[in-house]
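Taking it in order: structure first as structure tokens, then the write-up.
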Amino acid sequence: MAKKTEKSSSLSEAEDSQAHLCPTAAQLQSLLDSRRTSFSHHVDEVWPNLFLGDLNTANNKYELWKLGITHVLNAAHGRRYSEGNPDFYGTSITYHGVPANDLPEFDMSKYFYSGSAFIHKALTTPGARILVHCVVGISRSATLVLAYLMIHHQLSLVQAICTVQENRWISPNTGFLRQLIELDEELHQARQNQTKLEANQRKEEV
């Protein structure tokens, strides 16, 4: 069960020191491999009210009811054995589908902001809980959860990975990792530019 506190506050100083460094794909793979396991739960809460899971959980309406899931983001929309669609869930669950392939050459980045917006809207709805899933729940869906934490909670990529790893083993493919690195660089640059802009504005006000 995820702690009901802001995860970034629990990061170690060592992790925080990496927040402004853009990691390489090899460094990220090493970080992911450090928590590698042959066993993975069907579903885990990786952020307050945000669950990361597999297709078995997504297709089990009783399990979703027990978890209190109100929103589902399916990162394997339209793929084999994936039942997810508005008709399948009915009016009790708000559904969003991302038709992603778990292939390094697939451009997942085009769904980073729309997927993050759906997650954010769910988590800012009182009483809502969201399941983000693909087939296994470690690559496509994990990539979208990492992007959400980076975009809406200002975590670096390393911080986001460490946060999710506290509760679930994940393994985005190499192409997704490279796309997340690019997002990390873009967000860091945007924050730097905003900081400079605010500093210049303060100087002008003096």
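- Within the structure, salt bridge (Lys or Arg N to Asp or Glu O under 4.0 Å) pairs that include any residue of residues 102-122 do not occur (at least two apart or interchain).
- Between the CG atom of Leu52 and the CH2 atom of Trp169 there is a distance of 11.5 Å, given to the nearest 0.5 Å.
- Atoms CD1 and CG, from Ile93 and Leu131 in turn, are 8.5 Å apart once rounded to the nearest 0.5 Å.
- Gln27 places a side-chain N or O within donor-acceptor distance of the main-chain N or O of Thr24, the cut-off being under 3.5 Å.
- Expressed to the nearest 0.5 Å, how far CH2 of Trp65 lies from CG of Leu67 amounts to 11.0 Å.
- A distance of 7.0 Å separates CD of Gln179 from CD of Glu182, quoted to the nearest 0.5 Å.
- Between Leu183 and Tyr113 the shortest heavy-atom distance is CD1-OH, 3.7 Å.
- Taking both residues in full, the closest heavy atoms of Ala76 and Arg140 are given as CB-NH1, 3.7 Å, listed atom of the first, atom of the second, then distance.
- For the residue pair Asn60 and Thr57, no side-chain donor N or O sits within less than 3.5 Å of a side-chain acceptor on the partner.
- Closest non-hydrogen pair, Ile170 versus Ala142, comes out as CG2-CB, 3.7 Å.
- Side chain of Lys66 to backbone of Lys61: no donor-acceptor contact under 3.5 angstrom is found.
- For the pair Thr94 and Thr125, the minimum side-chain heavy-atom distance is 4.5 Å or more.
- A distance of 10.5 Å separates CD of Gln159 from CD of Gln154, quoted to the nearest 0.5 Å.
- At distances below 3.5 Å, at least one donor-acceptor pair connects side-chain atoms of Ser116 with backbone N or O atoms of Phe112.
- Between Leu157 and Asp184, the shortest heavy-atom distance links the atoms N-OD1, 3.4 Å.
- For Asp54 and His133, the side-chain atoms include no donor-acceptor pair closer than 3.5 Å.
- You'll find the side chain of Gln189 reaches within 4.5 Å of the side chain of Gln192, heavy atoms only.
- Asp33 is linked by a salt bridge (charged side-chain N to carboxylate O under 4.0 Å, His left out) to Arg36, counting only residues two or more places apart in sequence or in another chain.
- The structure places NE2 of His41 at 6.0 Å from CG of Asp44, a figure rounded to the nearest 0.5 Å.
- Taking every heavy atom of both residues into account, Phe176 and Phe106 meet most closely at CE2-O, 3.6 Å.
- Here the closest non-hydrogen pair linking Leu28 and Pro23 is CD2-CG, 3.6 Å.
- Side chains of Asn74 and His77: a donor-acceptor N/O pair is absent below 3.5 angstrom, by distance only.
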What donor-acceptor contacts under 3.5 angstrom involve side-chain atoms of residues 143-152, with partners at least two apart or in another chain?
unit_1, atom_1, unit_2, atom_2, d
Thr143, OG1, Ser139, O, 2.7
Tyr148, OH, His153, NE2, 2.8

